[in-house]
Each structure stands twice: as structure tokens, then as C-alpha cells.
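Only one structure is covered here, and it is reproduced in the block below.
The model shown is predicted, which means the values in this text are computed figures rather than measured ones.
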Amino acid sequence: MLNPIDTDAVIRDGGAVGRFPGEIHEGVAWWLGAGFVALTAARQLAVGSDGGPVTAEFFRRLCRGAVNAHHHACRVTAIDSIAEDAFLAYVRRRLPLASAYLAVSDGPDGTHVIRIRLCDADGLLLQEDTGLAAIRRMIAEDRVPIPVSDSARGTIEHLAPTAPESTE
């Protein structure tokens, strides 16, 4: 595995949490997106982000990982720069719909703390027994799905952060 992480420390609390730089890197987002879609066979995934400069590459990579997971051809709806509560309301109106949300906060030591939350198609935060342990194991064992051929690749549709409110 290129650029390994401490999976037990980072893959937790419904997704991934870690200091950046340091404990977590952008590749983790790809691994989560690909692993989550492969594990759940999700055909559709909503991905939201707080829109900050630190989360930008994590957001991009999670979306790319999701559309490249095996043969699932997952359709990702990507909404950057949206508040978490507005994103969750968008997802709730469209259940069953799996989702991921990325946000950053400032760490005490000048680093940033990245948090990626994964929710299943019922809107429930992923737990150890509902997939989080399997994703952690997939990453630790370097068994994350590799990119697929163009014919099996999913798509990413970018929505403006105001679009979820206007498409009630």
C-alpha cells in the first residue's frame, strides 16, 4: 500500500477522522469511496463537503473512488460548499440514498482535523457491524477496489450548493 495509515486510529466514528497532515491523507478518501460502494453495491451516492480548501482534494478523491468501484457504475451526486444540516436534509428527502459528508476543523497543533462520515441508504451512520469494520479491513489488507474500465465507470453530477434547496 502506498502511503499507509493507522486504520484502527483513522477508520472510526462512522467513516474516517484524522489530523491533516499527519494521520490522514487524500488517498484515504478514494479508499473510502471505492470501499463503501463495493461493500454496499450502491448504485447512487450523494457526497457533500463544507467547501473548504483543505477538504477540496478529499472531496474530489472520494467521488472518484466511488465511481471507480468494481462494476457498480455508481452515480455520484456531488455538492460542494454545503452545510452539513442542509446536505442531510437533501439526503433525507431522497431516501433510500447512501451518502458521505466531508468537513474540516482546526486542530490544536496547527493541523486540520478531517472528518468523513458515511451513511447507509437508510441515512444511518455506518457502524462497525454495518460495514465500517469491513472497510477498515479492506484498507488495511490493501484490497481496495482498483479503477475500472470506462464502460463500468460511474458518473459524477455536480450540483450547486443552492440546488438541493430549490429541488424540493
Side-chain angles (χ1 to χ4, degrees), residues 1 5-20 23-52 54-70 72-105 112-146 154-159 164:
M1 172 190 314
I5 60 164
D6 180 346
T7 54
D8 290 330
V10 173
I11 308 302
R12 60 184 172 89
D13 298 340
V17 180
R19 282 187 336 274
F20 176 78
E23 296 174 322
I24 194 169
H25 57 79
E26 296 93 337
V28 174
W30 171 286
W31 300 339
L32 283 177
F36 186 52
V37 170
L39 180 73
T40 62
R43 293 287 197 190
Q44 188 172 3
L45 177 69
V47 180
S49 168
D50 65 6
V54 176
T55 53
E57 185 62 13
F58 285 86
F59 177 74
R60 188 184 77 74
R61 293 222 193 159
L62 193 143
C63 291
R64 298 296 303 156
V67 299
N68 277 288
H70 290 311
H72 298 293
C74 183
R75 192 175 86 229
V76 171
T77 301
I79 311 170
D80 200 6
S81 302
I82 186 170
E84 187 171 13
D85 57 342
F87 177 73
L88 293 174
Y90 170 84
V91 171
R92 276 192 298 274
R93 290 190 305 266
R94 287 156 180 81
L95 291 177
L97 176 62
S99 66
Y101 188 80
L102 299 87
V104 65
S105 59
H112 304 283
V113 177
I114 300 287
R115 177 177 300 278
I116 303 171
R117 297 175 195 252
L118 302 172
C119 292
D120 66 17
D122 294 322
L124 301 174
L125 193 63
L126 216 57
Q127 302 296 316
E128 289 295 312
D129 62 343
T130 60
L132 198 60
I135 291 172
R136 181 185 309 106
R137 191 170 41 258
M138 201 180 291
I139 293 170
E141 295 172 358
D142 198 18
R143 299 181 55 84
V144 175
I146 60 173
T155 59
I156 301 172
E157 174 190 14
H158 292 274
L159 294 183

Are Ile5 and His25 close enough, and set up right, to give a side-chain contact (heavy atoms from CB on, under 4.5 Å), and what steps lead you there?
-> CA-CA 8 Å; Ile5 60 164; His25 57 79; 3.5 Å; yes

Table please: side-chain donor-acceptor pairs of residues 116-124 below 3.5 Å, with sequence neighbours left out.
unit_1 : atom_1 : unit_2 : atom_2 : d
Arg117 : NE     : Glu84  : OE2    : 3.4
Asp120 : OD1    : Asp122 : N      : 2.9
Asp120 : OD1    : Gly123 : N      : 3.1
Asp120 : OD1    : Leu124 : N      : 2.9

For residues 8-20, dump all side-chain donor-acceptor pairs below 3.5 Å to protein atoms at least two apart in sequence or in another chain.
unit_1 : atom_1 : unit_2 : atom_2 : d
Arg12  : NE     : Ala9   : O      : 2.6
Arg19  : NH1    : Glu23  : OE2    : 3.1

For residues 36-50, tabulate all N or O donor-acceptor pairs below 3.5 Å that involve a side-chain atom, not counting sequence neighbours.
unit_1 : atom_1 : unit_2 : atom_2 : d
Thr40  : OG1    : Phe36  : O      : 2.8
Thr40  : OG1    : Ala42  : N      : 3.3
Arg43  : NH1    : His72  : O      : 2.4
Gln44  : OE1    : Arg75  : NH2    : 3.4
Ser49  : OG     : Gly51  : N      : 3.1
Ser49  : OG     : Thr55  : OG1    : 3.3
Ser49  : OG     : Asp80  : OD1    : 3.2
Asp50  : OD1    : Gly52  : N      : 3.0
Asp50  : OD1    : Thr55  : OG1    : 2.7
Asp50  : OD2    : Val104 : N      : 2.9

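Residue Gln127 comes nearest to Leu125 through the heavy atom pair NE2-O, 3.1 Å, listed as atom of the first residue, atom of the second, then distance. The minimum heavy-atom distance linking Cys74 with Ala66 is given by the pair CB-O, 3.6 Å. Ala69 and Ala34 get closest at one heavy-atom pair: CB-O, 3.4 Å.
One finds the CH2 atom of Trp31 at 13.0 Å from the CG atom of Leu62 (value rounded to the nearest 0.5 Å). To the nearest 0.5 Å, atom OH of residue Tyr101 and atom CG of residue Leu88 are 8.5 Å apart. Rounding to the nearest 0.5 Å places OH of Tyr90 at 15.5 Å from CG of Asp85.
For Arg61, the salt bridge (charged side-chain N to carboxylate O under 4.0 Å, His left out) test picks out Glu57, with sequence neighbours left out. Scanning for side chain to side chain contact (heavy atoms under 4.5 Å, CB included) contacts around Arg64 gives Trp30, Arg60, Val67, Asn68, Arg153, Ile156, with sequence neighbours left out. For the side chain to side chain contact (heavy atoms under 4.5 Å, CB included) test, residues two or more places apart in sequence or in another chain that qualify with Ser105 are Val113.
Side-chain contact between Val144 and Ile139 is present, with at least one heavy-atom pair separated by less than 4.5 Å. In this structure, the side chains of Leu126 and Ile135 come closer than 4.5 Å at one or more pairs of heavy atoms. Side-chain contact between Phe58 and Ile114 is present, with heavy atoms from C-beta onward closer than 4.5 Å.
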